[in-house]
Amino acid sequence: MTTNKHVLSWLDETVALCKPDKVVWIDGSDAQLQALRDEACSTGEMHKLNEEKLPGCYLHRTDPSDVARVEQRTFICSKKEEDAGPTNNWMAPEEAYAKLRPLFDGAMKGRTMYVIPYCMGPIGSPFSKVGVEVTDSIYVVLNMDIMTRMGKQALDQLGDSNDFVRGLHSKATLDPDGKYICHFPEDNTIWSVNSGYGGNVLLGKKCFALRIASYQGKNEGWMAEHMLILGIETPDGDVKYITAAFPSACGKTNLAMLVPPEIYKKQGYKVWCVGDDIAWLRKGPDGRLWAINPEAGFFGVAPGTNAKSNPNALASTRQGTIFTNVVLNLDDNTVWWEGLDKNPPKNALDWKGNKWDPDSGEKGAHPNSRFTAPAINCPCISPEFNNPQGVPVSAMVFGGRRAKTAPLVYQSFDWNHGVFVGSIMASETTAAAAGAVGVVRRDPMAMLPFCGYNMGDYWQHWLDMGKELGDKAPKIFNVNWFRTDDEGHFIWPGFGDNMRVLKWILDRCEGKADAVETPIGYVPKAEDINIEGLDGVTVDTIKGLLEVDRDLWKEDAESISELYAKFGDKLPKELAAQLDALKARLG
Ligand code: GTP
Ligand code: SPV
Ligand code: MN
């Protein structure tokens with residue numbers, strides 16, 4: 001399928017190592033993909049769902065030990081340890097190759113090796129980059145088909161160039177102790193072995209589009225961020241774009257395709273989704289920051305997705321979608337998950353494939369069960385989704401799950417303070433990664449598990465980008481939809497009503513809204529958050545949500561000091577000064 005000698009010689013090496021029975025190039029044709037779906041169904045790897053109700057949809061169950069990203073087994077293998085930095089696991093490249101080579105050796109005997117050329121970003125876009133993933137998993141092939149622009153078009157885009165990311169993946173034996181996701185930023189290479197789950201194996205996503213791409217972005221003067229991209233169309237037809245970085249399972253997909261509340265809809269406001277997880281950002285010819293979504297689909301969290309919370313995501317999953325680790329309704333061969341509706345199927349199999357009783361108290365779907373849906377299915381997909389130039393960014397938003405401390409929204413004083421605000425993000429952990437759930441940890445820019453180099457250098461890169469953009473830089477904000485009351489209930493209604501906060505953000509960008517200066521940044525005047533049509537939310541509720549508790553922030557400042565101390569002289573002086581200034585303002 002190609003004469004690119006760099007691709008061919010790398011492929012020769014991988015074939016010699018993995019020893020597959022057969023090598024199949026994925027050209028992206030419908031006929032080839034359908035044959036693979038049929039084959040996966042015949043072996044039980046996938047299950048075909050009700051063609052009338054869910055046309056072209058399939059269910060897949062992973063190994064029960066393999067249901068989320070595994071951060072402890074994810075490594076940045078730069079030559080120098082300090083280039084991986086204190087927040088990444090590091091292994092020397094020779095050591096990593098030596099450790100993983102025996103795991104790949106002969107791992108594809110009796111199996112087929114699929115070669116998937118793919119493009120991250122619209123074909124022909126100056127932002128876009130090509131990867132080739134080699135895998136022994138049909139599930140990976142079919143997911144990559146939804147998540148990327150793949151097949152022949154990607155090879156055409158690559159031409160004779162050597163500039164592609166080499167991704168090698170094998171399920172091998174799924175041995176949890178032999179599971180490794182290793183990144184070699186200096187070699188443009190990713191090796192992933194012994195997993196079959198999402199972010200561990202769809203190598204275009206977190207591995208390339210964030211870990212490798214963040215490193216490339218630092219060297220080439222652009223940014224790869226764990227950010228959604230949305231457009232807000234105002235009644236006069238103007239569209240303003242916002243990007244937002246929240247940690248995994250903290251609301252990016254939901255915000256990216258929100259349905260505005262009635263009060264905004266009737267005025268003519270619309271929200272357009274450009275992306276729900278990853279943004280690649282560059283300074284454009286006009287000096288502003290422009291963003292593309294490098295992906296072509298959504299790998300979204302299923303639980304909690306319903307016709308009320310996120311109708312656009314639900315609609316996206318009604319055809320051509322792969323569901324992973326959800327409930328199978330045996331009566332009508334459809335799928336279900338917690339939070340879809342109040343009618344769990346009585347005759348059903350749980351995510352492990354066992355008979356499931358909804359009254360048992362056991363969850364039917366895994367908390368990190370997911371759908372892989374084509375972005376073009378989304379009713380509010382932006383007309384600019386395929387625009388090779390991307391969209392201009394007016395505001396960047398950080399946010400996490402904080403039961404207390406962080407207010408509903410605040411604005412940074414300026415770009416450098418905004419970088420500080422991003423760097424001090426913290427959030428409760430979720431089921432998107434293996435390990436404890438609900439523990440607050442610092443997750444700078446929502447990139448803790450995804451930054452492919454030293455986070456201190458990454459912060460410096462953010463500061464440098466701000467200098468480069470000057471007064472055309474987007475304004476930076478922080479939000480928190482997850483403040484709880486004394487009973488642990490969320491105070492803010494969230495979801496579509498988050499539009500009310502986005503509206504204040506846009507008004508601030510246009511100099512149309514007032515603010516109150518606090519030690520941590522500018523917060524809205526409570527009256528300026530529109531609560532019309534909200535049940536049980538008063539101006540006093542908003543006042544409470546916007547409160548900045550100095551004692552809690554003083555504790556936070558101590559924990560920020562601990563984080564910063566890990567970076568030694570890699571901590572940008574500007575951020576150290578920002579922390580001192582925060583402490584001084586807190587008194
Ligand atoms: P990844 O795909 O892991 O990166 O996650 P994400 O950031 O896209 O998160 P997603 O939008 O899928 O939301 C994760 C969970 O948070 C779901 O269970 C949602 O129901 C819940 N959630 C999202 N937005 C809100 C909100 O505004 N308020 C509340 N209370 N919950 C929310
Ligand atoms: C995340 O965990 O942030 C995800 C899912 O978007 S995964 O692709 O598994 O990384
Ligand atoms: Mn994500």
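Read the numbers this way: they start at 1 and go in the same order the structure lists the ligands and their atoms. Any value given below was found using the heavy atoms of this structure, including those in side chains, with hydrogens, waters and symmetry copies removed.
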Measure the distance from [atom] to every protein heavy atom, then report the residue, atom name and distance (to 0.1 Å) of the closest one.
atom	result
atom 11 (O) of ligand 1	Asn254 ND2, 2.7 Å
atom 9 (O) of ligand 1	Gly251 N, 2.8 Å
atom 1 (P) of ligand 1	Ala249 N, 3.3 Å
atom 29 (C) of ligand 1	Phe482 CE2, 3.5 Å
atom 16 (O) of ligand 1	Arg401 NH2, 3.1 Å

Using a strict cut-off of 4.0 Å, indicate which atoms of ligand 2 neighbour a heavy atom of [X].
X	value
Gly199	7 (S), 8 (O), 9 (O), 10 (O)
Ser248	1 (C), 2 (O), 3 (O)
Ala432	2 (O)
Asp277	6 (O)
Phe299	5 (C), 8 (O), 9 (O)

Would you say ligand 1 has an N or O under 3.5 Å from any N or O of [X]?
X	value
Asn498	yes
Phe490	no
Phe495	yes
Asp276	no
Phe246	no
Gly494	no

Looking at side-chain heavy atoms only, is the closest gap between Lys129 and Phe164 below 4.5 Å? no
Any side-chain heavy-atom pair from Leu202 and Val140 closer than 4.5 angstrom? yes
Angle subtended at the Mn ion (ligand 3) by His226 NE2 and Lys206 NZ, to the nearest 10 degrees, is 90°
Angle class for the Phe75/Tyr180 ring planes (parallel below 30°, perpendicular above 60°, tilted otherwise)? tilted
Note: Ala256, heavy atoms under 4.0 Å from ligand 1, region reported as neither
Answer yes or no: is there a donor N or O on one side and an acceptor on the other, between the side chain of His366 and the main chain of Val326, under 3.5 Å? no
Can any side-chain N or O of Asn254 pair as donor or acceptor with the backbone N or O of Phe495 at less than 3.5 Å? no
Has Ala432 got an N, O or S atom lying less than 2.8 Å from the Mn ion (ligand 3)? no
When the ring centroid of [X] is compared with that of [Y], is the distance short of 6.0 Å?
X	Y	result
Trp290	Trp280	no
Phe398	Trp462	yes
Phe323	Tyr58	no

Heavy atoms only: which of [options] is nearest to [atom]?
atom	options	result
atom 17 (C) of ligand 1	Pro303, Gly400, Gly199, Ala245	Pro303
atom 10 (O) of ligand 2	Arg69, Lys252, Lys205, His226	Arg69
atom 3 (O) of ligand 1	Arg370, His489, Lys252	Arg370

At the 4.0 Å heavy-atom cut-off, does Arg370 count as touching ligand 2? yes
Regarding ligand 2, does Phe450 bring an N or O atom to under 3.5 Å of one of the ligand's N or O atoms? no
Does the pair Arg402/Glu428 count as a salt bridge with the N-to-O cut at 4.0 Å? no
